[in-house]
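First listed ligand is number 1; within each ligand, the first listed atom is number 1.
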Amino acid sequence: MPFTRREFALGLAGSGLLGCTPVERPLWSADTHPRDYPTVLAQEHMAGRLREMSGGRLDIRVYPGGQLGAERDTLEITMFGGLDLNRVNLAPLNPIAPATLVPALPFLFRSIAHMRRAMDGAPGRKILASLEAHGLKGLCFYDSGARSFYNTRGPIHLPEDMAGLKIRVQNSDLYVALVEALGADATPMSFGEVYQALVQGVIDGAENNWPSYDSTRHFEAAPYYSTTEHVMAPEVLVMSMRRWRRLPDEDRALIEQAARESVPVMRALWDARVEAARERVVAAGITLTTISDKRPFQARVAPVYEQYLNPSLLELVDEIAAMEDGDG
Ligand code: GTR
């Protein structure tokens with residue numbers, strides 16, 4: 001990728017060739033979402049704060065829209081130090097760091113407020129810390145709302161309505177097990193391929209939150225959205241440990257602070273985006289099925305807890321379950 005003039009100048013300054021205050025090369029970050037999506041805007045906010053707090057010495061350059069690759073691939077690159085920052089969902093981390101399975105469990109969180117409290121508290125800190133052993137510094141969690149199923153065929157009221165549907169899932173065995181426990185066939189696939197696969201009938205459906213259902217235009221191809229709200233796993237912003245280790249303590253503290261400050265900004269943008277996305281797709285004519293009693297779905301997926309978790313992760317589940325909902 002060619003350098004912009006500014007990056008080139010920063011690079012020169014960083015190298016000391018210009019003989020002025022050393023400027024670090026901007027941290028590169030990858031995100032699968034478009035430029036106006038709350039996760040990307042939150043990283044831009046973080047970049048702004050970093051520039052302010054470091055007097056322009058530290059900066060982030062976000063590459064949105066999946067231009068640096070699918071999440072599974074960019075994660076690998078980040079673990080090896082080829083990319084500094086990466087905003088991903090927890091799902092592609094499931095095969096890498098077992099603790100990330102916990103927040104991705106179906107029906108673990110009772111509400112968004114409960115999820116926020118758990119991720120802001122001790123469970124969230126433990127999960128972020130567990131990433132270090134895998135070459136990643138966990139900086140913060142961002143919201144991802146609740147994921148629900150949508151498809152090209154018809155409304156889902158009960159698990160029986162999912163029988164035989166081919167459902168795209170993220171690259172995580174947990175999601176495969178979840179979808180199969182509901183009686184459907186799971187097809188792991190990267191995010192960027194889902195629209196075409198829906199249009200071509202390679203799959204019948206997928207699952208996601210309102211903002212992603214809207215921004216990807218999956219709603220045009222798969223207009224039956226049923227509010228199963230089966231997973232409330234958050235997003236996570238990670239940094240390459242290789243890069244992290246090279247930074248002085250003072251810069252690490254600034255990065256952690258800027259990440260922390262971006263979380264409430266992200267949440268406010270997110271809440272507004274969820275509403276706007278839902279209104280937009282409903283106005284576009286999707287068939288919305290509201291599922292108020294989730295128990296038939298919960299009963300079917302309950303076995304995946306024991307299937308995927310070792311005793312220490314089950315303890316983390318209990319710790320989260322025992323937490324109050326909080327005020328969001
Ligand atoms: C979105 C999430 C992305 C990606 C995507 C997917 O909600 O923000 O990071 O995980 O879902 O389904 O692949």
The side-chain hydrogen bond (donor to acceptor under 3.5 Å, both in side chains) partner of D204 among K166, R153, R168 is R153
Suppose I only count heavy atoms of [X] and a 4.0 Å limit; which atoms of ligand 1 are within that range?
X    : answer
Q170 : 4 (C), 6 (C), 10 (O), 12 (O), 13 (O)
N208 : 1 (C), 5 (C), 6 (C), 7 (O), 11 (O), 12 (O)
E235 : 2 (C), 7 (O), 8 (O), 9 (O)
S144 : 7 (O)
N89  : 9 (O), 10 (O)

For atom CZ of R300, is the number of surrounding heavy atoms from other residues, nucleotides or ligands below 6.0 Å larger than 12? yes
Just checking R252: does its CZ atom have more than 12 heavy atoms from other residues, nucleotides or ligands closer to it than 6.0 angstrom?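 Enclosed: over 12 neighbouring heavy atoms sit under 6.0 Å from CZ of R252.
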Minimum heavy-atom separation for P296 to P159, with atom names? O-CG, 3.6 Å
Taking a cutoff of less than 4.0 Å between a non-hydrogen atom of the residue and any ligand atom, is A91 in contact with ligand 1?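 The answer is no: ligand 1 sits nowhere under 4.0 Å from a heavy atom of A91.
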Applying a strict 4.0 Å limit to heavy atoms, is R147 in contact with ligand 1?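 Checking ligand 1 against R147, which is what was asked, there is a heavy-atom contact under 4.0 Å.
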Do the side chains of D84 and K137 get close enough for a salt bridge, i.e. N-O under 4.0 angstrom?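 No.
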Flag the pair R116 and D143 as a salt bridge only when some basic side-chain nitrogen lies within less than 4.0 angstrom of an acidic carboxylate oxygen. yes
Plane angle bin for Y150 and H218 - parallel if under 30°, tilted between 30 and 60°, otherwise perpendicular: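 H218 and Y150: tilted rings.
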Ligand 1 N/O within reach of T32 N/O, cut-off under 3.5 Å: no
Geometric N/O contact Y37 with ligand 1, under 3.5 angstrom: no
Residue portion contacting ligand 1 (non-hydrogen atoms closer than 4.0 Å) for V194: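 Neither part.
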Answer with side chain, backbone, both or neither: which part of R168 has a heavy atom less than 4.0 angstrom from an atom of ligand 1?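 The answer is the side chain of R168.
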Hey, mind stepping through H230 and E207 against side-chain hydrogen bond (donor to acceptor under 3.5 Å, both in side chains) and telling me if it holds? CA-CA 9 Å; H230 50 277; E207 42 92 56; 2.8 Å; yes
From the candidates Y213, F191, Y175, W210, the one that places a heavy atom nearest atom 6 (C) of ligand 1: F191
So among Y63, F191, W270, Y142, which one has a ring-ring contact (aromatic ring centres under 6.0 Å, His included) with H33? F191
Identify, for atom 4 (C) of ligand 1, the protein heavy atom at the shortest distance, and state residue, atom and that distance.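 Result for atom 4 (C) of ligand 1: E71 OE2, 3.5 Å.
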